[in-house]
Each structure stands twice: as C-alpha cells, then as structure tokens.
There are 2 protein chains.
Amino acid sequence: MSKSLLELTPVQAVACCSPVTREPLSADAAERIAPLVKAIADPVRLRLLSLVASHADGEACVCDLNDAFELSQPTISHHLKLLHDAGLLDRDKRGVWVYYRVNATALGDLATLLGGVTA
Amino acid sequence: MSKSLLELTPVQAVACCSPVTREPLSADAAERIAPLVKAIADPVRLRLLSLVASHADGEACVCDLNDAFELSQPTISHHLKLLHDAGLLDRDKRGVWVYYRVNATALGDLATLLGGVTA
DNA sequence: CGTCGATATTGACAGATCTCGATGTTTGGG
DNA sequence: CCCAAACATCGAGATCTGTCAATATCGACG
C-alpha cells in the first residue's frame with residue numbers, strides 16, 4: 001500500500017468536529033471532511049454500503065456484491081477500496097474470500113456531523 | 001430556468017426513504033440520493049452550508065459569502081446554485097441582495113438517511 | 001509445484017467537475 | 001434615462017472520476 005501508516009483515514013480526521021450547522025467550518029476542516037462525503041457520493045457506493053450494512057451477519061462477501069451489479073469486477077473492487085480507504089468499510093480476508101462490514105461509528109459520526117440535530 | 005417545474009429536487013425525492021443501513025437500497029433510490037450527497041461532497045460547499053447555517057438570523061447574503069473565500073464571484077455563485085438546486089439552501093432576493101438560508105428539514109433527512117442510528 | 005478461482009492493481013478513455021474571465025440581468029440611485 | 005453594484009450565466013481549460021479490459025497477486029487444492 002502506498003499510504004503512510006501515520007495518515008488518518010478521512011473518518012478519523014472528522015470524528016472530532018462539531019456539526020456543520022453549529023459554527024463555520026474552517027477551510028482546513030472542510031478539506032478533511034469532504035473526502036469522506038465524496039466516498040458516499042455515488043449511487044454504486046451508496047448501494048454497496050447499504051448492501052453490506054443490511055446483510056445477514058452484518059458482513060458481505062465481495063462475490064455476493066459483484067453479483068448485485070451489472071458492473072465489472074474491477075469496478076466493484078475499485079468502489080470498495082474507496083469506501084475502505086475512507087474508513088466506512090472494514091475488510092476481513094478469510095481464505096480466498098474477502099468480507100466487508102460497515103464501520104457503524106464512522107457512519108454515525110458522519111450523520112451527526114451533517115445533522116447537528118441528532119445530538 | 002431549464003428545469004421542469006414538475007421535477008423534484010434531490011432532497012424531495014429522498015425524504016421518503018428509510019436509512020441506508022436498514023435494507024438494501026434499490027438502484028433507483030441510489031440514483032436519486034447520490035446527487036444530494038454530491039451536493040455536499042465539496043469543501044467549498046461544506047463551508048458555504050456551514051457559514052449560512054451558523055450565521056446570525058440563519059441567513060447570509062451572497063456578498064458576505066464571497067468575502068469568506070479566495071475564489072471568484074462566479075465560482076461561489078455556481079456552488080450556491082448547486083446547493084440550492086439540491087434543496088439544501090433556500091434563496092430569498094431582497095432588492096439587489098440575495099440571501100440564502102439552510103433548509104433544516106433537508107439536512108436532517110439526509111442525516112437520518114445516512115445514520116440509521118439517529119431515529 | 002501447477003493450476004484455478006477470488007480479488008486487487010494497472011492503464012486508458014469518456015464524461016463530469018471546478019475554476020476562471022467575460023458578459024448578461026436586474027435593481028436602486030442620480 | 002443611464003450608470004453602478006450585486007448576482008447569475010456562459011464558454012473554456014485543467015483536473016478528477018467511473019468504467020472497462022488486461023494483468024497481477026494470493027490462497028486452496030490436487
């Protein structure tokens with residue numbers, strides 16, 4: 001992997017912030033938050049997230065996910081990587097198969113950040 | 001405006017849906033939700049939203065917003081249009097000035113949709 | 001070992017997005 | 001009227017993104 005181990009995933013960089021509606025976001029904070037939002041700003045990734053989240057046992061095998069779309073395997077792999085890099089999906093390789101599961105904390109933080117209402 | 005009056009803004013098309021984590025999102029629903037998320041998937045637009053939301057009286061004049069960025073006036077105008085088209089910002093023209101205010105319901109719906117946790 | 005099946009990575013291309021300068025539109029004032 | 005100021009729209013250029021085919025990697029199993 002080309003990414004430094006010292007780097008934070010977008011979601012880690014965001015967990016600290018108060019809701020967007022409370023006080024003006026600094027340019028710096030906005031630059032850190034945007035990638036996280038971008039990660040879910042795509043119909044395929046929204047469905048992937050949703051599929052994994054609502055799957056039995058809370059996890060889904062890539063093979064299942066591939067079958068749910070009329071897209072090539074590399075394309076699904078690409079989207080999963082983006083979600084994983086953002087910290088929204090955790091990955092678990094067991095044998096030849098790879099299972100993804102939602103990082104609920106990450107999603108929750110993001111929702112709180114946006115909502116402001118949701119305490 | 002080139003947009004039909006019968007069309008829904010992204011946020012209107014989304015308000016009906018249950019959280020992403022509850023059940024698999026249909027391809028159709030995902031296509032409707034994604035534009036709304038895209039609308040806030042940019043650092044400038046996140047800051048604009050935040051600036052408007054946290055502004056005194058809950059509204060901000062474009063002139064104030066322009067001054068908060070080192071970007072050209074057309075660029076800010078472009079981003080405000082995207083947020084407005086998504087249904088996240090309401091617009092109110094008074095004389096020569098234009099005031100934007102956050103559509104709290106829209107933001108709340110979006111947060112709920114993502115969080116699932118937040119009831 | 002050699003092969004096969006499951007994922008990931010790479011390289012390339014089309015289309016979307018962000019930004020700007022130039023220009024248009026609307027409103028209030030002189 | 002005509003101008004100036006506030007904001008929007010247009011057109012263009014550079015960069016980013018989604019997708020695929022081809023290929024690499026990695027683990028299981030004869």
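Values below: all heavy atoms of this structure, side chains included; hydrogens, waters and symmetry mates excluded. Just so we're on the same page: letters track the sequence lines, and every chain starts at 1.
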(request) Classify the nucleic acid contact of Ile76(A) as base, sugar-phosphate or nothing, counting any heavy atom under 4.0 Å across all strands shown. (result) nothing
(request) Classify the nucleic acid contact of Asp42(B) as base, sugar-phosphate or nothing, counting any heavy atom under 4.0 Å across all strands shown. (result) sugar-phosphate
(message) As a test of reading the structure: which of dT9(D), dA6(C), dA22(D) is closest to the side chain of Val96(A), going by heavy atoms?
(response) dA6(C)
Closer than 4.0 Å, any side-chain N/O of [X] to the OP1 or OP2 of [N]?
X         : N       : value
Tyr100(B) : dC7(D)  : no
His79(A)  : dT19(D) : yes
Thr75(B)  : dT19(C) : no
Arg91(A)  : dT7(C)  : no
Arg45(A)  : dG18(D) : yes

Expressed as a whole number of angstroms, how long is the span from [X]:[atom1] to [N]:[atom2]?
X        : N       : atom1 : atom2 : value
Lys81(B) : dC7(D)  : NZ    : C1'   : 13 Å
Leu71(B) : dC18(C) : CG    : P     : 12 Å
Asp92(A) : dT7(C)  : CG    : P     : 12 Å
Leu82(B) : dA16(C) : CG    : P     : 14 Å
His78(B) : dT9(D)  : NE2   : P     : 11 Å
Lys38(A) : dT17(D) : NZ    : C1'   : 10 Å
Leu48(B) : dC7(D)  : CG    : P     : 13 Å
Phe69(A) : dT19(D) : CZ    : C1'   : 14 Å

For the residue pair [X] and [Y], establish whether any side-chain heavy-atom pair is separated by less than 4.5 Å.
X        : Y         : value
Arg45(B) : Ile40(B)  : no
Arg91(A) : Val98(A)  : yes
Leu89(B) : Val102(B) : yes
Leu88(A) : Leu36(A)  : yes

(message) Just to verify, which of Leu65(A), Asn66(A), Val44(A) counts as forming a side chain to side chain contact (heavy atoms under 4.5 Å, CB included) with Leu80(A)?
(response) Leu65(A)
(message) On DNA chain D, does the nearest nucleotide to Arg94(A) precede the nearest nucleotide to Gln73(A) from the 5' side, or the other way round? Give the residue.
(response) Gln73(A)
(request) Would you mind telling me which residue lines up with the more 5' stretch of DNA chain D, Gly95(A) or Trp97(B), judged by nearest nucleotide? (result) Trp97(B)
